[in-house]
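Shown next, in structure tokens, is the structure this report addresses.
This one's a predicted model, so the numbers in the text were calculated from it and none came from an experiment. Throughout, protein chains are lettered first and strands after them, A, B, ... in sequence-line order, and every chain is numbered starting at 1. Note that these values count all heavy atoms, side chains included, but never hydrogens, waters or copies made by symmetry.
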Amino acid sequence: NAGVTQTPKFRVLKTGQSMTLLCAQDMNHEYMYWYRQDPGMGLRLIHYSVGEGTTAKGEVPDGYNVSRLKKQNFLLGLESAAPSQTSVYFCASSWGSRTDTQYFGPGTRLTVL
Amino acid sequence: LAKTTQPISMDSYEGQEVNITCSHNNIATNDYITWYQQFPSQGPRFIIQGYKTKVTNEVASLFIPADRKSSTLSLPRVSLSDTAVYYCLVGDMDSGNTPLVFGKGTRLSVIA
């Protein structure tokens, strides 16, 4: 039982490049989330999903897209990376309501040059 | 949505009890109070949740006064390994699907 896994763990991009971050969970959770965390800052929600095939915008969605084609996977895409997107990205999942415990992945450290 | 206010940072010596207070003056009747802990270079993890009075588990205690306008996370006899950021979240399970907001949390530094 791996919980929540994220791929890759580290990545360096040049401005304008694109990439996709993969989040996978094996707990059969309905809800999945993508957050970003900048130095000294708390977590800010980028996008979330309340079930397979659904996505919704969070606090800071601009510059990102997401897809939830399978219940266990939640993909975060950067179409044209910018230095302002340099951050640590965390994925999380939870059962089925906003008060349910969120289980977090180990994070992806992304640097955009 | 109930807004929460926490101290930005706190320092403590090893072996002391640490109390972190979260203010949520406009908490709604159905709102729960949840605390997460985030160690450096890791994702947050759930530590405790409560609705009223007192909740205790193997990690911490959560004290909620009768008016529920604040809550206090209590960590008994902290050690260096308790150095982390602690987040207070408030919300209910019925008001749609919008996730709870983490905010900036309280950075606890435990000193030897």
Inset, instruction - Inspect the surroundings of CD in B/Glu17 and state if more than 12 heavy atoms from other residues, nucleotides or ligands are less than 6.0 Å away. - result: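 Enclosed.
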Inset, instruction - For atom CD1 of B/Ile8, decide whether the heavy atoms of other residues, nucleotides or ligands shown that lie under 6.0 angstrom number more than 12. - result: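 No, the 6.0 Å shell around CD1 holds no more than 12 heavy atoms from other groups.
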When rounded to the nearest 0.5 angstrom, what distance separates [atom1] in [X] from [atom2] in [Y]?
X	Y	atom1	atom2	result
A/Leu43	B/Leu100	CG	CG	12.5 Å
B/Gln42	A/Phe90	CD	CZ	8.5 Å
B/Ile47	A/Thr101	CD1	OG1	11.0 Å

Under 4.5 Å between side-chain heavy atoms, counting indirect links through other Ile/Leu/Val/Met/Phe/Trp/Tyr residues: same cluster for [X] and [Y] or not?
X	Y	answer
A/Tyr64	A/Phe74	yes
A/Tyr35	B/Tyr87	yes
A/Tyr31	A/Val66	no
B/Tyr32	B/Phe63	no

Inset, instruction - Of all the heavy-atom pairs spanning B/Gly91 and A/Thr99, show the shortest one and how long it is. - result: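 What the structure gives for the nearest pair is O-CG2, 3.3 Å.
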Legend entry - Which atoms of A/Tyr103 approach chain B - backbone, side chain, both or neither, heavy atom under 4.5 Å: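 No part of it gets close to chain B.
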Inset, instruction - Name the region of A/Val88, side chain, backbone, both or neither, that has any atom closer than 4.5 Å to a heavy atom of chain B. - result: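 Neither part.
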Inset, instruction - I would like to know whether B/Phe102 and A/Phe104 meet ring-ring contact (aromatic ring centres under 6.0 Å, His included); could you show each step before the answer? - result: CA-CA 13 Å; B/Phe102 271 80; A/Phe104 282 80; 5.7 Å; yes
Legend entry - Heavy-atom pairs under 4.5 Å with chain B, option from A/Met41, A/Glu59, A/Gln102, A/Arg44 with the top count: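 If we count pairs closer than 4.5 Å to chain B, A/Gln102 comes out on top.
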